[in-house]
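What's counted below: heavy atoms across the whole structure, side chains too, no hydrogens, waters or symmetry copies.
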Amino acid sequence: MATQRDKSHRPRRPAEPAGGAAATNQEISAVLQEYAELLAITGGQQFKVRVYDKAARAVGGCPTEVSGLDIKDLQAIPNVGKSIAGKISEYVATGTIGALEELRAKVPAGVRALTEIPTLGPKRALELYEELRVSSVAELEQAVRAEELRGLRGFGPKAEENILHGIELLKHAAGRVSLDAAMGLADRVVGHLAALDECGRCEYAGSLRRMRETIGDIDVLAASSDAEPLMDAFVSFAEAPEVIAHGPTKTSIRTTGGLQVDLRVVPPDAWGAALLYFTGSKPHNIRIREIAQRAGLKLSEYGLFDVETGDLVVSETEEDVYERLGLPWIPPTLREDRGEVEAARRGELPAVVTERDIRGDLHTHTNLTDGLASADDMVSAAASRGYRYYAITDHAPNLFMQRMSDDKILAQREQVRKLQARRPRMRLLHGTELNIDPDGDVDWPPEFLAGFDLCVASIHSHFTQPRDQLTRRLVRACENPYVDIIGHPTARLIGKRPPIDVDWDEVFAACARTGTAVEINSFPDRLDLPDTLITRARQRGVKFAVDTDAHAEVHLAFLRYGVGTAQRGWVTSDDVINTWPLKRLRAFLRHRASH
DNA sequence: GCCGTTTTCGGCCCGACTGTTTTCAGTCG
């Protein structure tokens, strides 16, 4: 992926008061990003804007906790110098930054929100504010519909159309956050509660446990015979300024990021039934309850009961409940009532791929192009995850902004060979992420491509071509014998850019025919392929590569989201080429090039 | 504001597309 600018899912939160939990890297990154955007809107020097933007990304990808660093160590972070280091430590110490507050005072928060609309950048957002006093997305929508933009220089009919379309996209994602933002928060809440003596088991449930691609609220479940201390600890959670409800079994807070978190405390012996109930999905629960009903049983969050006697049958674990209903345990990622109950009854539930099955990552970047870490650091991080193989796939020359050249990629290949000598236990593969151009061609000629161990090929531009052109474009990429994997196939950015319009059945048929794998990209704003298309591809016999597209060491951990998405598409480890032993993987890659 | 085997100043990823314009600014990747 090119420059990572995840505007739609960045937590929009005011600064946290000093004395709260230490600021996370994500939080500091978001504050620097906000500063960059406000500078851009207020007409700050563009180079300055860019440095804050780059510093924000570097902090977001920093493998250590930035809040614990002193001024000197802060300056070791790329693009963090004296001034930004000072601002970071000011934020860590006081919960805010004076300079940021000054900018906030100049520009209403809603004006910055306008730049979330695709095709609206800082310049035009400011113009709308200054000319029409528009200071929120809702006001902008009104202004467009009232035709108030008609008199403005530079805003024509197409601009109106693009703005309205962009607002629709935003509304669709409204109130939902990325899987990664939700997971981070849930982990912190669970950690906060699990530290208490009174707390038994504690887990997040709901759509997060099912790994849906966006999350509307977080459900946390805890087992305890003494709920009160948990509820008290929950409402005093540092990131929770607003308490929505505070009762003996259920408490709800709203975090500074605007996300609602519900905590439910159940007796330890009701754990399984409660976890099942609060994990959902609702349609899945209804199916399960129907099965119980037909067996003369009643299932609720408190347990599985005999209808006649009212006696508790089972409730302690999910496995107990499913078993008593004649079913094997069903992985949460499958619980969407998409046929999993029938499959379970027939004993045909797929053995879905797990994170442990993954032997290596086949799509990653370094700071040779737009990554944040060196090849050396990325390889070390990969090794510490226990990978058996690892591919470096930096961008190719046609993505002009990355300044790749033949010499640079060949020098990197030499470097990778040297790193290999120090890593006898992990096989390093030297690859590239090619750019699929509007005609379906890629960056280099066959003789140069033959020098790579593997090639990912992805679409990075011209997303709005007609359906037949986009389809032909992807089919042609598949037919290139050196293309092993189609990267982030739909090119969507969740809540920001819709998927490209393609005849997927035709593309998947081409993938199956040519033996080209399809990526399941783990980046939280991509999750591409999405689960429904994974199912269609799988049914055509297509193989997958579950990759992170990591641009920093910390991104390697995004793998869990890709694996979760693969599970939602019922993918088994045999369907995933990077679960295979190296020998089988190499044979797959060679097979492609020998065509 | 950051950075430097072109270091303490003068550069800074850069080309393409879009919609509007009548020669280009803004946005994007």
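For A:Lys48, counting side-chain heavy atoms from C-beta on, the closest listed nucleotide (B:dG1, B:dC28, B:dC13) is B:dG1. For A:Lys87, whose side chain is taken as the heavy atoms from C-beta onward, the closest listed nucleotide among B:dG1, B:dG29, B:dC13 is B:dG1.
Checking A:Glu433 against A:His460 by side-chain atom types alone, a donor-acceptor pair falls below 3.5 Å. Between the side chains of A:Thr369 and A:Asp394, a donor-acceptor pair is found at a separation under 3.5 Å. A side-chain donor-acceptor contact under 3.5 Å links A:His363 and A:Asp549.
A:Ile41 places its CD1 atom 10 Å from the P atom of B:dT27, with the value rounded to the nearest Å. Rounded to whole Å, the distance from CG on A:Asn435 to P on B:dG15 is 15 Å. In this structure, A:Ile436 atom CD1 and B:dG29 atom P are separated by 17 Å, rounded to whole Å. Distance NE2 (A:His460) to C1' (B:dC13): 15 Å, rounded to an integer number of Å. In this structure, A:Glu116 atom CD and B:dC28 atom P are separated by 11 Å, rounded to whole Å. Going from atom CG of A:Leu493 over to atom P of B:dC28 covers 12 Å, rounded to whole Å. Between A:Arg57 atom CZ and B:dG29 atom P there is a gap of 13 Å when expressed in whole angstrom units.
Taking the centre and axis of the six-membered ring of A:Phe463, the NZ or CZ atom of A:Arg497 falls inside the cone set by 45° and 6.0 Å.
Taking the C1' atoms as reference points, B:dC24 lies 9 Å from B:dT20, given to the whole Å. Remark: the separation of the P atoms in B:dG26 and B:dT21 is 13 Å, to the nearest Å. A distance of about 35 Å separates the C1' atoms of B:dC9 and B:dC17, rounded to the whole Å. B:dC13 and B:dC28 have their C1' atoms separated by 13 Å, with the value rounded to a whole Å. Of the C1' atoms belonging to B:dC3 and B:dT7, the separation is 8 Å, rounded to the nearest Å. Look at the C1' atom in both B:dT18 and B:dT22: the space between them is 16 Å, to the nearest Å. Using P as the reference atom, B:dT8 and B:dG4 are 13 Å apart when rounded to the nearest Å. Nucleotides B:dG19 and B:dC12 have their P atoms positioned 30 Å apart, rounded to a whole Å.
Remark: A:Arg133 engages A:Tyr129 in a side-chain hydrogen bond (donor to acceptor under 3.5 Å, both in side chains) (not counting sequence neighbours). With sequence neighbours excluded, no residue forms a side-chain hydrogen bond (donor to acceptor under 3.5 Å, both in side chains) with A:Gln75. Partners of A:Lys543 according to the side-chain hydrogen bond (donor to acceptor under 3.5 Å, both in side chains) rule, which considers only residues two or more places apart in sequence or in another chain, do not exist here. For A:Asp468, there are no side-chain hydrogen bond (donor to acceptor under 3.5 Å, both in side chains) partners at least two apart in sequence or on another chain.
The aromatic rings of A:Phe558 and A:Phe523 sit perpendicular, their planes meeting at an angle over 60°, well past the 30° parallel limit.
When both distances must be under 3.5 Å, the Watson-Crick or G-U wobble mate of B:dT8 does not exist.
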Original post:
Reading nucleotides 2-7 of chain B from the 5' end, what letters show protein touch, with B for base, S for backbone sugar-phosphate only, - for no heavy atom under 4.0 Å?
Top reply: SS----

What's touching nucleotides 16-26 of chain B from the protein side, N or O pairs under 3.5 Å?
| from | atom 1 | to | atom 2 | distance (Å) |
| --- | --- | --- | --- | --- |
| B:dC17 | OP1 | A:His462 | NE2 | 3.3 |
| B:dT20 | OP1 | A:Gly156 | N | 2.5 |
| B:dT20 | OP1 | A:Gly156 | O | 3.1 |
| B:dT20 | OP1 | A:Pro157 | N | 3.3 |
| B:dT20 | OP1 | A:Lys158 | N | 3.4 |
| B:dT20 | OP1 | A:Ala159 | N | 3.3 |

